[in-house]
Amino acid sequence: MESSGSQSRTIWLSRSMGSLAGSECNCARLTLDGIDVMGERLAKEVLSVVERRPELQKISFVGHSLGGLITRYAIALLFKPSVERSSSEETEAIKSVSECLEQDAKAKIAGLEPMNFITFVTPHLGSRWHKQIPILCGSPALERMSYKISSIVGKTGNHLFLKDKKDGKPPLLLQMVTDNGGIPFMSALQSFKRRVTYSNVCSDFIVGWRTSCIRFQHELPKRENFTKNEKYRHVVNEEKPKNLTEQHEGFLEIDFSQPINANKMEELMIKGLKRVPWERVDVSFRKSKQRILAHTTIQVNTYAINSAGADVIFHMIDNFLL
């Protein structure tokens, strides 16, 4: 299904004999309403399609840019666990997400079996500081200015720049790496058979590499280790899911009511999201004539000007779990 708007697109696919639906609920000025409001719209739209198609059995989501965050919110609203948990059991599940993978293997999203959850250049860590918006060139002055004026793009800007703390609650993107607050964000993510990030290594002036691939700076692959792929020539690195042998202790002990700086919030978001396994695909259009449009080229937004990204789409299709 596709939910398109300014710099965001979400595609969700439901499968029986095969079905793809495009969302029309979040576009143009509606993308200013906030990730939560857009997620609610998308969830309602998914349900309306599923209700009209009783033969559907499986569902997958593909989100581009902001669409990936909208989709993460929507799947949490659509999530139905295989076994209802008490509040104490739910808290324990958050502490050891990897131990719950088998238990949630039969969980449903919109009543369907969740298969693939894929994001293309999605700012999972938000857009605040640390060169998360490459066009600002890492300039502290420009990053401070963008933080101050982020409300120009409405509630969504406040969410992306982690400015929406209120009533003792942390920013929404920080809430979205837990199951706290009654919305099972992480349980919904872990219910999918696979989770994948596609990220631009360079030339993307809108979303930075680290925020789209959910890595710490020291975890980014070295460019000298990039590989050539004859079939997918713009895919320079593939990282398979890692076994979750390490639990990120101390995550739940953080008192969200206390002030948390941007560095700590980023650390918590990365650790929270990495409690479920991710496949990571790093892409480079450095040698392409369309590199200046890397943000839209990676998902071939318009073929005439983004055709270089076709091999990346074929990579997604060839690895798609049916």
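Nothing here was measured: the structure is a model prediction, and the numbers come from that model.
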Donor-acceptor side-chain pairing of [X] and [Y] below 3.5 angstrom:
X	Y	result
Thr31	Asn26	no
Gln290	Ser307	yes
Asn306	Thr297	yes
Thr122	His64	no

Item to check | Leu321: partners by side-chain contact (heavy atoms from CB on, under 4.5 Å), with sequence neighbours left out | outcome: Met115, Asn116, Lys193, Arg194

Item to check | Residues that Ala43 engages under side-chain contact (heavy atoms from CB on, under 4.5 Å), provided they are two or more places apart | outcome: Ala74, Leu77, Leu78

Next on the checklist: Please determine whether ring pair (Phe, Tyr, Trp, His ring centres under 6.0 Å) holds for the pair Phe185 and Tyr73, giving the CA-CA distance in whole Å, both sets of side-chain angles, and the decisive distance to 0.1 Å.
Outcome noted: CA-CA 7 Å; Phe185 294 110; Tyr73 197 98; 5.4 Å; yes

Checklist outcome for this item: Across all chains, not counting sequence neighbours, the salt bridge (charged side-chain N to carboxylate O under 4.0 Å, His left out) partners of Glu51 are none

Next on the checklist: Please enumerate all residues that pass salt bridge (charged side-chain N to carboxylate O under 4.0 Å, His left out) together with Asp36, with sequence neighbours excluded.
Outcome noted: Lys155

Checklist entry - Under the ring pair (Phe, Tyr, Trp, His ring centres under 6.0 Å) test, which residues partner Tyr198, sequence neighbours left out? => result Phe120, His315

Next on the checklist: I'd like to check the ring pair (Phe, Tyr, Trp, His ring centres under 6.0 Å) partners of His234; sequence neighbours left out, ordered by chain and number.
Outcome noted: Phe285

Mind checking side chain to side chain donor-acceptor pair (under 3.5 Å) for [X] and listing every partner two or more places apart, or none if nothing turns up?
X	answer
Gln175	none
Ser199	Ser212
Glu40	none
Asn237	Asp282

Item to check | Transitive ILVMFWY cluster of Val37, excluding itself - 4.5 Å side-chain cut-off | outcome: none

Checklist entry - Mind checking whether Trp278 and Phe117 have parallel, tilted or perpendicular rings, split at 30° and 60°? => result perpendicular

Show which side-chain atoms of residues 222-229 pair as donor or acceptor with protein atoms under 3.5 Å away, not counting sequence neighbours.
{"unit_1": "Thr227", "atom_1": "OG1", "unit_2": "Val236", "atom_2": "O", "d": "3.4"}
{"unit_1": "Asn229", "atom_1": "OD1", "unit_2": "Lys231", "atom_2": "N", "d": "3.1"}
{"unit_1": "Asn229", "atom_1": "OD1", "unit_2": "Tyr232", "atom_2": "N", "d": "3.0"}

